[in-house]
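A quick note: this is a predicted structure, and the numbers were derived from the prediction, not measured. Whatever order the structure lists them in is the order used to number ligands and atoms, beginning at 1.
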Amino acid sequence: MTHEKQDDSAVRPDPGALDEQRAGDEIADLSARIAQANEDYHVKDAPVLSDADYDALKQRLLVLERAFPQLARPDSPSHRVGAAPAEGFGKVVHAQRMMSLENGFAETDVTDFVARVRSFLGLRDGDLAFTAEPKIDGLSLSLRYEDGFLVEAATRGDGTVGENVTANARTIADIPHRLSGAPAILEVRGEVYMSHADFQRLNATEGGRVFANPRNAAAGSLRQIDPDVTASRPLRFFAYGWGELSQALAETQMGAVERLAAFGFQTNPLTRLCHDVGQMLAVWAEIEQQRATLGYDIDGVVYKVNDLSYQTRLGYRSTTPRWALAHKFPAETAWTRLDRIDIQVGRTGALSPIARLEPVTVGGVVVSNATLHNEDYIAGRDSSGASIREGRDIREGDWVKIYRAGDVIPKIADVDLSRRSADSAPYSFPETCPQCGSDAIREPGDSVRRCTGGLICPAQAIEKLKHFVSRAAFDIEGLGAKQIEMFFADPILPIREPADIFTLAERDARNIARLKNREGFGARSVEKLFAAIEDKRRIPLERLIFALGIRHVGEVAAGILARHFGTWDALLAAVDAAAHEPAFAADDKDRRAALAGSPHWTELTTINGIGAVLVQSLVTTLTQPAERASIDRLIAQVQVIPATVRQIQQTPISGKTLVFTGTLERMTRAEAKARAEAMGAKVAGSVSAKTDLLVAGPGAGSKAAKAAGLGVTVIDEDEWLRIAGGS
Ligand code: IVH
């Protein structure tokens with residue numbers, strides 16, 4: 001099979017080559033990028049990353065979290081499927097979480113998947129069948145039927161809480177309102193999508209708003225506040241799974257899907273049963289061949305273990321079932337000319353190169369920009385100096401091969417050297433900020449060049465403000481990126497820093513030229529804007545922390561810090577104290593020795609999910625005098641709502657450390673470990689004073705003896721099964 005490896009991990013260093021600091025740094029960066037991508041995709045319906053890039057980020061995060069489990073955050077985005085639900089719809093807590101799928105790209109990923117399933121189940125040989133079906137590129141929907149009546153429809157949201165779109169779902173012709181012969185409780189899960197033909201018709205008739213692709217059109221149409229609008233949109237639905245059930249549908253995946261079809265749902269006609277990897281790959285190739293003529297978007301093939309009792313035993317990782325794999329199709333590609341390389345300056349000063357392209361259609365979407373990541377990437381090497389694209393650099397005027405797997409911002413896969421003009425020169429990456437002229441420097445180990453201008457750099461200030469008002473931060477209605485740009489440049493009523501937002505109304509009242517008299521405003525819209533700002537004067541602590549746009553402090557870290565410290569003052573006190581301690585000033589090498597005299601630094605860095613890199617950035621930013629003064633001006637304007645400590649679901653083994661030894665007869669070691677971890681326990685390989693419980697099967701040797709010596713509780717497999725609820 002020919003398949004280019006296009007994920008980022010191809011150019012990132014092997015985790016074994018990273019120290020904890022760099023891994024922490026990268027985990028923080030990946031988490032922030034994934035959280036942003038989730039928000040763009042699930043909440044804004046305006047994805048910026050391609051599916052392939054998104055998958056690559058998640059894949060890389062998983063790899064790092066496996067290599068550095070101590071750095072994995074408790075609410076890592078690798079444990080979350082999507083973003084929190086958008087406002088405007090009621091919220092629905094899914095009776096059973098809506099999961100995502102593990103992705104595979106190469107044939108070996110499929111072979112490995114089958115081998116893993118066999119090993120988990122302890123099935124050396126013997127029949128193990130899988131279903132194979134198209135992976136529909138739409139959005140997932142859960143339909144709840146009670147006594148045969150459709151009572152609720154919900155989007156996935158973050159996997160735990162989705163949006164209530166019942167009224168809209170009822171308008172979709174493929175979704176029955178009544179089922180006969182169904183279990184009293186039945187949640188049907190499947191994909192809402194739009195056909196190519198309907199998508200083209202919609203875009204031709206929809207006047208102003210044109211959707212980038214059928215997936216966005218389907219998502220935008222389902223999430224209309226007015227169900228009449230949804231009704232006018234040609235949405236379809238394929239059923240492929242289920243959530244809560246009062247009674248099993250069948251004993252196999254295939255049988256269950258046939259029951260769904262019998263209830264009146266559309267199920268995918270290309271679904272096949274396979275008995276080995278060869279058959280799975282053959283179905284994959286057959287479906288890929290039909291991809292262009294199916295009439296709707298698919299982005300791969302999903303394999304699922306057919307036997308439902310095996311599915312139950314295999315269970316779930318944090319966001320994906322162990323019994324399924326999405327085998328993705330390779331990205332689509334096209335050649336075009338790279339006209340120019342532009343540099344954008346982000347909120348943390350990062351200089352990001354963007355390729356401006358001669359517009360070209362790739363997989364049905366016109367593409368005119370591609371990301372170039374950083375100067376190493378342009379030069380054809382990764383951050384460790386290793387060659388990528390066989391060392392071919394990228395120059396202005398080059399012919400480049402563009403790829404995109406899903407939608408949006410694409411990447412450059414290759415350069416055609418035979419078409420390079422004789423007078424072309426390597427691109428020279430700027431060493432000063434193109435926006436403010438300050439030095440742009442690269443710190444050791446960082447692949448990104450950053451402007452050192454801080455608040456004096458207008459690009460950083462604007463990006464910080466845009467971040468400040470963004471949805472996961474202050475989320476001020478009527479004050480988006482466009483308005484920020486306008487107010488930033490405004491000579492009469494400027495917004496140059498966050499505090500200025502909250503003095504806007506008061507400053508306007510003092511001006512002779514009032515905002516309401518300006519073109520594009522008007523009394524009502526100004527009133528609404530001021531009211532929206534007033535509304536956010538009371539702000540939850542985690543939003544405030546996230547809104548400050550501190551490097552490495554994403555939504556997840558902000559939440560962790562808020563829940564740890566409870567109040568802004570407590571956080572600041574810890575940060576100020578840590579800034580005077582030796583560990584803050586120490587470099588990596590000497591930090592260990594400096595820890596003894598650094599209680600506040602130690603407190604910060606030992607918070608689960610918060611690493612030294614993040615703390616360094618937090619302390620540096622909050623104690624930098626100009627930044628601090630600007631933040632103090634903001635704090636004087638707002639009222640911070642303290643955070644409450646999150647409740648964690650308790651099980652008899654939450655927080656305990658377990659060790660398994662001897663032979664377990666009723667489940668494999670992997671299964672037992674997964675079950676224990678799902679119940680909040682840690683599983684260790686050897687017995688120590690920290691062990692709380694030893695599960696000893698027959699043949700337990702020295703570990704059982706050691707446990708007895710240490711006074712550790714020892715239980716047998718039956719007792720374990722009672723705790724794990726599997727007997
Ligand atoms: S099964 C517990 N089957 O892909 C696993 N998902 O990338 C449930 N999707 O969230 C998913 N076609 O929205 C399944 N035939 C199919 C699918 C499918 C599309 C979507 C679904 C899922 C996402 C994961």
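Taking any N or O of Tyr240, backbone or side chain, at least one lies under 3.5 Å from an N or O belonging to ligand 1.
No option in Lys91, Arg156, Arg223 other than Arg223 meets the side chain to side chain donor-acceptor pair (under 3.5 Å) test with Glu163. With Asp297 as reference, His196 is the one residue of Lys135, Arg215, His196 to meet the side chain to side chain donor-acceptor pair (under 3.5 Å) rule.
Heavy atoms of Arg156 found under 4.0 angstrom from ligand 1 belong exclusively to the side chain. Residue Met99 touches ligand 1 through backbone and side chain together, judged by heavy-atom distances below 4.0 Å. At a heavy-atom distance under 4.0 Å, only side-chain atoms of Glu133, from C-beta outward, approach ligand 1. Contact annotation: for Val302 versus ligand 1, heavy atoms closer than 4.0 Å belong to the side chain alone.
For atom 23 (C) of ligand 1, the nearest non-hydrogen atom from the set Met98, Lys135, Gln96, Arg97 comes from Lys135.
With contacts defined as side-chain heavy-atom distances shorter than 4.5 Å, the pair Arg116/Glu102 qualifies.
Of all the heavy atoms in Ala217 and Leu202, the pair that sits closest is CB-CD2, 4.2 Å.
For Lys304, the closest heavy-atom approach to ligand 1 falls below 4.0 Å. Taking a 4.0 Å cut-off on heavy atoms, Ala326 fails to register as neighbouring ligand 1. Using a 4.0 Å cutoff on heavy atoms, Pro134 counts as a contact of ligand 1.
A donor-acceptor contact under 3.5 angstrom links the side chains of Arg317 and Thr320, judged on distance only. No hydrogens or angles considered: nothing links the side chains of Asp109 and His327 as a donor-acceptor pair under 3.5 Å.
Distances below 4.0 Å separate heavy atoms of Glu191 from the following atoms of ligand 1: 9 (N), 13 (O), 19 (C), 20 (C), 21 (C).
Arg259 places a side-chain N or O within 3.5 Å of a backbone atom of Leu249 that can act as its donor or acceptor partner.
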